[in-house]
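It should be emphasised that the depicted structure is a prediction, and the values quoted were computed from it without experimental measurement. Chain A is the first sequence line, chain B the second, and so forth, proteins listed ahead of strands; every chain is numbered from 1.
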Amino acid sequence: MSGSDPTTTGAAAGGAGIPAGTTGTDASPAPASAGELQTIVAARRLREAQSVFIGVGRPSTAALLARIVHNPRLVLVYESGTIGAKPYHVPLSIGDGELAETADAIVSVPEMFNYWIGTGRIQVAFLGAAQIDPHANLNSTVIGDYEHPRTRLPGAGGAPEIATGCREVVVIAPHSVRTFVKRLDFVTTTGDRTTHVITDLGVLEPDPDTRELVITQIHPGVTPEQVQEATGWELKMADELRVTDPPTEAELEALRELVAR
Amino acid sequence: MAELCSLAEAVGELVHDGDSVALEGFTHLIPFAAGHELLRQGRCELELIRMTPDILYDQMIGVGAARKLTFSYAGNPGVGSLHRLRDAVEHGWPRPIGLEEHSHAGMANRYAAGAAHLPFAVMRGYAGTDLASHTNVKPIACPFTGEQLMAVPALRPDVAIVHAQEADREGNVQLWGIPGVQKEAVLAAARSLVTVERVVERLEPRPGGVVIPGWVIDRVAEAPGGSRPSYSLGITDRDNDFYRFWDKLSRDRDEFTAWMEEHVLGNGVASGGGPECRNP
């Protein structure tokens, strides 16, 4: 519940379905959907990480995938107080029983925030949001005016202090003009520690001087024009725009097996 | 010393119209049975306090029992929105509701300050956010180093209600699994009720078990299955299908009202029916 996109569901965590018409007699697996690729790219960010703080949905799927494919010693931390959880299934909530049963330690919420998050003990945080601005600030509070909101969103949850407590923040968000807006209706969480924004179209990173997000990587088959069209401001492109390495067979197989559990 | 009694008696004695009431449990051990009993007894004009309002508060807000909600994350965990809460905030149905919102760290520290009977807690938080100007927090300088920190006011609810796995006959309570802020809520509140899955002769020590001595609790009531569709680790499982079902059902006012009437309000009625305020 650390600000995961409230408009998507945990059930779609592995990706919004496999492209139609690709199953059948062909023995090779269906190509990765945009959602699956986003999850796989997010998992790659955790190759070297010691610990990661995660909300529900795609971040949780990505972190579990990272433990399977890249980094079996990765410590998963959920804000429910479960430290070192090793769930077999992708949890629906951040407090599913399987998290408590498989954790190295379970702590109270005050302890989680004061002793573990606020102190910088957790290396990477995966966050989602309903809106993100050019400096990676996030809104998960309201769309429209605060007193008379058009859409009331769930609110801050753990995100504000997770984003200033963890050493590195990775945002996972769907790439659309609804989400990527020039100006937030409400700043729930600051983007000061954000290192990567991983979308279904590519990866954005802050410019080291201005902190403005720059698109540095696009997924295979995606054009720079497509990315610009899905962004609500004039997006800066990196001088050397990289193309994301396509998913390996091992990554894709492991993800599909994980989601099917 | 905690008095063991029925859930209906405990709610009737401890909770009054207009009270600030914290029904806690972080995803785990949410006291649904007690919340439903509050509604059956017609409690109203409540200030509901809870870090994660969850389905229980969606139900209580949807029938109009609350004047105010104090919270930090109002979603259906892993599923989406709380539609009854959104309807109350966005359209004032069935009545407008006041909101006071914090971050999880802020709420957790507010409970901890309340449990310590301190006026406020100090933390690093809310920095750079719009939350700071929309809620009740104030910057404070460290008297030793001058570091800018944030002060959050203590939470001292009139009543705290939590659910646990077990109590003994003296009213000592033990819960295990995700402990949330239950102990803090009980110690912060003026009055407290703990519902339990079962009453046992003797509490057996459990790994990670949190014991709350009976002498700081007012009432203990047996309520088997009392956290469903949340769960009580080791006894019941979280009903994830119900959380998904609620997302569909709760979108429609009439379907919601009919469901509440059939499954909550008309079920074991203690005071003759729906939530009517005795002292508006």
Over all heavy atoms of both residues, which pair between [X] and [Y] is shortest? Give the atoms and the distance, please.
X	Y	result
B:E90	A:R152	OE2-N, 2.7 Å
A:T190	B:G128	CG2-O, 3.3 Å
A:S108	B:E184	OG-OE2, 4.1 Å
A:P154	B:F71	O-CE1, 3.6 Å
B:Y73	A:G157	CB-CA, 3.8 Å
A:S93	B:T27	OG-CG2, 3.2 Å

Under 3.5 Å, side chain of B:E101 to main-chain N/O of A:A156, donor-acceptor pair present?
no

Is chain A contacted by the side chain of [X], its backbone, both, or neither, given a heavy-atom distance below 4.5 Å?
X	value
B:A121	neither
B:L99	side chain
B:N240	both
B:H91	neither
B:M107	neither

Looking at B:G125, B:G180, B:P53, which has the largest count of heavy-atom pairs under 4.5 Å with chain A?
B:G180

Looking at B:R86, B:M51, B:H102, which makes the most heavy-atom pairs under 4.5 Å with chain A?
B:R86

Are the side chains of [Y] and [X] in contact, using a 4.5 Å heavy-atom criterion?
X	Y	value
A:P160	B:L131	yes
B:P77	A:I94	no
B:I178	A:I106	yes
B:R124	A:T164	no
A:I162	B:H104	no

Given the rule in the side chain to side chain contact (heavy atoms under 4.5 Å, CB included) test, do B:M123 and A:E161 qualify, once you have shown the distances and angles that lead to the verdict?
CA-CA 10 Å; B:M123 57 184 281; A:E161 286 78 19; 3.6 Å; yes

Carefully, step by step, assess A:T188 and B:T129 under the rule side chain to side chain contact (heavy atoms under 4.5 Å, CB included).
CA-CA 5 Å; A:T188 313; B:T129 74; over 6 Å; no

For [X], is it the side chain, the backbone, both or neither that has a heavy atom under 4.5 Å from a heavy atom of chain B?
X	value
A:N114	side chain
A:T151	both
A:V142	neither
A:T82	side chain

Does [atom1] in [X] sit with more than 12 non-hydrogen atoms of other residues, nucleotides or ligands closer than 6.0 Å?
X	atom1	result
B:H117	NE2	yes
A:W116	CH2	no
A:R150	CZ	no
B:R253	CZ	yes
B:F242	CZ	yes
A:R211	CZ	yes

If you count heavy-atom pairs under 4.5 Å between each of A:V107, A:V109, A:D192 and chain B, which one has the most?
A:V109

For B:P94, which residues count as a side-chain contact (heavy atoms from CB on, under 4.5 Å) partner, sequence neighbours excluded?
none

Once ring pair (Phe, Tyr, Trp, His ring centres under 6.0 Å) is applied, do any residues pair with B:H134, and if so which ones, sequence neighbours excluded?
A:Y146, A:F186

Taking it one step at a time, do A:D96 and B:H28 satisfy side chain to side chain contact (heavy atoms under 4.5 Å, CB included)?
CA-CA 8 Å; A:D96 280 21; B:H28 178 218; over 6 Å; no

